[in-house]
2 protein chains.
Amino acid sequence: MTSRTPRPRERGIPEATVARLPVYLRALQALQERGTPTVSSEALAEAAGVNSAKLRKDLSHLGSYGTRGVGYEVEHLVHQISRELGLTQDWAVAIVGIGNLGRALANYGGFGTRGFRIEALLDADPAMVGQRVASLEVGHIDSLEEVVGSRGVSIGVITTPAEAAQAVATRFVEAGVGSILNFAPVVLNVPDGVDVRKVDLSIELQILAFHAQRRAAGDGQVAAAPGLELT
Amino acid sequence: MTSRTPRPRERGIPEATVARLPVYLRALQALQERGTPTVSSEALAEAAGVNSAKLRKDLSHLGSYGTRGVGYEVEHLVHQISRELGLTQDWAVAIVGIGNLGRALANYGGFGTRGFRIEALLDADPAMVGQRVASLEVGHIDSLEEVVGSRGVSIGVITTPAEAAQAVATRFVEAGVGSILNFAPVVLNVPDGVDVRKVDLSIELQILAFHAQRRAAGDGQVAAAPGLELT
DNA sequence: TATTGTGAAGCTATTCACAGCC
DNA sequence: GGCTGTGAATAGCTTCACAATA
């Protein structure tokens with residue numbers, strides 16, 4: 001994960017907490033589906049893969065929604081976290097770059113059980129334009145500004161090749177989009193106040209490789225075969 | 001991003017630094033292609049989107065590879081960072097779950113300019129098995145253990161539906177895979193010493209929504225149209 | 001002179017441990 | 001008695017600012 005906080009923070013929830021709220025929410029929704037009425041910090045923490053003190057401190061930033069001796073009311077907490085995350089409104093999303101990845105995202109139905117609507121798919125390739133993907137017609141990138149304005153897009157997703165990403169980001173920003181999720185392997189330059197998050201496959205793999213190498217070096221023997229030497 | 005450090009850290013590089021090294025590496029490789037021989041911390045930091053003090057401290061963890069008054073030799077630094085990240089060897093990767101996303105990853109050629117080889121694509125769907133994707137034949141998930149063993153897979157990528165992910169992770173671990181990159185929206189349970197990183201689209205969107213809501217609330221007017229109210 | 005490498009300071013996040021409350 | 005909420009302690013990360021040095 002990587003983030004750029006849009007402003008210093010106004011009387012706010014710590015960034016690290018914000019990043020975990022979605023995880024808690026997902027665990028709570030699972031409990032809700034099973035009809036569980038209340039949950040202890042211990043049990044919820046376990047489901048979310050964090051320790052219970054951290055969970056309690058995180059939740060304390062939202063307010064006092066637990067009951068001592070009992071735990072948290074699942075339904076209520078789902079609502080509070082959803083509200084805090086801004087999921088009680090619907091955010092319009094545009095995806096630019098309809099290659100394999102763009103298509104994968106467009107088809108990915110369950111965006112955290114609602115909160116987001118994919119409103120537009122755009123691509124620069126004329127051959128792509130007009131095709132139907134996930135029951136949307138792919139538009140031409142030239143219509144970006146128009147689409148953002150007319151459909152109230154506030155979150156832009158970039159799945160273009162690296163070379164195109166900065167230009168798309170700039171156009172998004174000038175069109176008024178304040179939140180960008182970038183899958184292209186480049187550092188985007190945006191003005192202050194615009195929030196960019198990036199998802200970068202090769203970075204993740206490289207971090208894994210670092211730890212794997214550590215492990216191999218620390219062990220006496222080479223545990224999980226590291227593969228061919230390449231000089 | 002999210003990580004689980006495999007062990008406390010053995011005389012090591014801070015986790016936050018490790019997560020940035022791939023970014024520096026990418027910027028350096030771009031400079032290398034343009035034939036730039038040296039770069040200052042200021043310039044490299046700019047390209048990587050961090051401040052220069054942080055960059056210098058990060059690099060200082062690898063050793064003293066700069067020259068005062070001059071900067072860093074690009075070639076040399078590329079080599080040092082690659083080595084530190086374990087990219088001077090080749091890591092065998094298996095992808096399980098060949099849906100839209102699995103296919104997208106399989107076709108994504110430039111894995112950070114080498115270091116990783118996709119060795120196997122596996123799926124549970126018999127209709128999928130035998131198809132060719134990115135010049136590899138999709139195998140059946142039942143062959144996971146055999147494939148991991150015979151091809152020396154040490155990094156497993158999970159792009160299955162949420163329901164299947166934990167079972168796949170467990171099989172990876174039992175087969176000796178110590179590094180897992182998880183795209184499925186679940187918290188994976190793995191033994192200590194196994195390194196899991198997750199990439200989760202809806203979490204990223206939810207974090208963006210949180211900040212977008214903040215921004216909208218802070219402004220007098222609603223800047224970038226937030227979309228429809230939903231109760 | 002220009003730029004690195006790094007102690008020291010400041011900030012953020014995590015964990016502990018227990019008082020407070022149901 | 002059981003579990004939350006939270007101050008205090010600790011650990012980790014970032015930034016400052018400047019001495020060291022090619």
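Below, chain A is the first sequence line, B the second, and so on; all start at residue 1.
Rounded to whole angstrom, the span from the CD atom of A/Glu73 across to the P atom of D/dT4 amounts to 14 Å. Rounded to whole Å, atom P of C/dG5 lies 10 Å from atom CG of B/Leu55. Taking atom CG of residue A/Asp58 and atom C1' of nucleotide D/dT6, one finds them 13 Å apart after rounding to whole Å. Per the geometry, CD belonging to B/Glu42 stands 13 Å off P belonging to D/dT15, to the nearest Å. Rounded to whole Å, the distance from NE2 on B/His61 to C1' on C/dG7 is 13 Å. If you take CG of A/Leu44 and P of D/dG2, they are 20 Å apart, rounded to a whole angstrom. Whole-Å rounding puts the B/Ile13 CD1 to D/dG12 C1' distance at 16 Å. Following rounding to the nearest Å, A/Glu15 (CD) and C/dC11 (C1') show an atom-to-atom distance of 15 Å.
Between B/Ser41 and the options B/Lys57, B/Lys54, B/Arg56, a side chain to side chain contact (heavy atoms under 4.5 Å, CB included) holds for only B/Arg56. Each of B/Val157, B/Ile155, B/Val190, B/Leu144 was scored for a side chain to side chain contact (heavy atoms under 4.5 Å, CB included) with B/Phe172, with one residue passing: B/Leu144.
The two residues A/Val74 and A/Leu28 come nearest to each other via the heavy atoms CG1-O, 3.6 Å. Residues A/Leu188 and A/Ala169 share a closest heavy-atom pair of CD1-CB, 3.9 Å.
Between A/Asp195 and A/Ser179, the side chains place no donor N or O within less than 3.5 Å of an acceptor N or O (distance only, hydrogens not considered). Side-chain atoms of B/Gln166 and B/Thr170 include a donor-acceptor pair closer than 3.5 Å.
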Are any protein N/O atoms closer than 3.5 Å to N/O atoms in nucleotides 15-22 of chain C? If there are, list each pair with its distance.
unit_1: C/dT15; atom_1: OP2; unit_2: A/Asn51; atom_2: ND2; d: 3.1
unit_1: C/dT15; atom_1: O4; unit_2: A/Lys57; atom_2: NZ; d: 3.3
unit_1: C/dG20; atom_1: N3; unit_2: A/Arg68; atom_2: NH1; d: 3.0
unit_1: C/dC22; atom_1: O4'; unit_2: A/Arg68; atom_2: O; d: 3.4

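Side-chain proximity of A/Ser41 to D/dT4, D/dG5, C/dT4: nearest is D/dT4.
Of the two residues contacting DNA chain D, namely A/Tyr72 and B/Arg20, the nearest-nucleotide position lying further toward the 5' end is that of A/Tyr72.
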